[in-house]
Structures are given as C-alpha cells and as structure tokens.
Amino acid sequence: MKSLVFLSVLSLLLTCEPGEPSALQKAGLWNNAAPPPMDKLLAKEVLDEVNALRARGCKCPGSRYSPPVPALQWNEKLEQAAQAHADDMYRGRYFSHNSTDGTSFSDRMTRAGYDWHIAGENIAKGQPTARAVVDAWAGSKGHCENMMNPKFQDMGVGKTGPYWVQDFGARK
C-alpha cells in the first residue's frame, strides 16, 4: 500500500475571498501567465540546503531529535511534478496541496512518471531565497519531518513567482 505524507501549509500572503480579485489584480498588476520556472542554480541551492540539514541532523519543532540521514538525489520527474503545481498555484491564485483539478501531490508525481512507494510534499509562499524557504520549512514540524525523513531518497523542487513546491519520494 502506498504511504502518503501530507503536511499543513505555511501561512498565506495576498489572501482574498474566493472569487474576489486580489489587490494586485484590481491594480492591473497580476498576470495569470506564469513567469519562467525556477532556474537550475536555484533548484541546486535548495537541494544543497536540504542535504546540509540532513547531514547535520536537527530537532524539528515539537519532535524528537532527527539524526543525520543520507542525502537526497535530484529527480527530474519530481521536479516536473513540483513545477507544474507551482505554475498551477500561481495561475489560479491559490495555496494548497490539491490542484485546481482535485489531484493530490501523489497523483501529480504519478502523472509525471515517478513510480513511488512513499511520497511527500512541502509548499511555501513568499520566501525570497533557497535558504529562506528551507529555513521556513525547517521551522515547521511536518515540513521539517519531511526533509529529515530517512525513507525519502529523491527530491524535486519547483518555483513560480512566490510559490515553492518541494516533492519527495522513494521509488518502488
């Protein structure tokens, strides 16, 4: 049976009531076309930051100490799933693990061709750098536990505008 790790989301920025235009839209400053996806250097920075955390171990908030665990490997299929979700959140102006079409992160990973037996996802919004987003995730119990989970082998990250998506998995 496939195991899922589902986490709470970080705080929202630029919130509005459903169906109500945001302040950026009202001002004519919001373009629903997604900006270019994150560059490979930024993706590598996130992977490096996460692997540094995994190498030294840490105490996730509200949890016991997590000892050092093996480094994660970059996975392009997880990157594809993460980037597609970051793009979708940007275009749809929402912040959720579920896509606008109702699919979960594990569905998106499968759709991208990643054959997983355990999967997890972190999302964030508004952090300006790789270090800032990893620090934010490390400061949240569930997000930190995902990053320190020794069962995860692979990671992919996507970023569009202020939206970050980090997908984790272990292959079958």
Step-by-step side-chain contact (heavy atoms from CB on, under 4.5 Å) determination, Met147 to Gln166 | CA-CA 9 Å; Met147 291 191 296; Gln166 181 182 45; 3.8 Å; yes
Between [X] and [Y] (side chain of the first, backbone of the second, donor and acceptor by atom type, cut-off under 3.5 Å), is there such a pair?
X      : Y      : answer
Trp137 : Ile123 : yes
Ser104 : Asp107 : yes
Lys141 : His143 : no
Tyr114 : Ala170 : yes
Lys77  : Ala81  : no
Asp167 : Ala82  : yes
Asp88  : His85  : no
Trp164 : Gln127 : yes
Asn51  : Ala71  : no
Thr160 : Tyr163 : no

Would you please test Val46 and Met155 for side-chain contact (heavy atoms from CB on, under 4.5 Å) and show each step?
-> CA-CA 10 Å; Val46 174; Met155 185 183 91; 4.0 Å; yes
I want to check something: taking the side chain as every heavy atom from C-beta on, are [X] and [Y] in contact at a cut-off of under 4.5 Å?
X      : Y     : value
Val165 : Gln83 : no
Asn75  : Glu79 : no
Cys144 : Ser63 : no
Arg56  : Pro68 : no
Asp154 : Leu72 : no

Check the surroundings of atom NZ in Lys151: do more than 12 heavy atoms from other residues, nucleotides or ligands lie under 6.0 Å from it?
-> no
Rounded distance [0.5 Å steps], [atom1] in [X] versus [atom2] in [Y]:
X      : Y      : atom1 : atom2 : value
Glu45  : Lys40  : CD    : NZ    : 14.0 Å
His97  : Met89  : NE2   : CE    : 8.5 Å
Ile118 : Arg171 : CD1   : CZ    : 13.5 Å
Cys60  : Leu53  : SG    : CG    : 7.0 Å

Does Lys172 pair with Asp115 as a salt bridge, N-O distance under 4.0 Å?
-> yes
Ion pair present between Arg64 and Glu145, side-chain N to carboxylate O less than 4.0 angstrom?
-> no
Search all heavy atoms of [X] against all heavy atoms of [Y] and return the closest pair with its distance.
X      : Y      : result
Gly156 : Leu78  : N-CB, 3.7 Å
Ala119 : Met109 : CB-SD, 3.5 Å
Tyr94  : Thr100 : CE2-CG2, 3.2 Å

Evaluate side-chain contact (heavy atoms from CB on, under 4.5 Å) for Lys59 paired with Ser66, printing each intermediate quantity in order.
-> CA-CA 6 Å; Lys59 183 175 183 326; Ser66 295; over 6 Å; no
Side chains of Trp116 and Ser106, donor plus acceptor under 3.5 Å = no
For Thr103 and Asp101, does a side-chain donor sit closer than 3.5 Å to a side-chain acceptor?
-> yes
Quick one: sort the Phe152 and Phe168 rings into parallel, tilted or perpendicular, breaks at 30° and 60°.
-> parallel
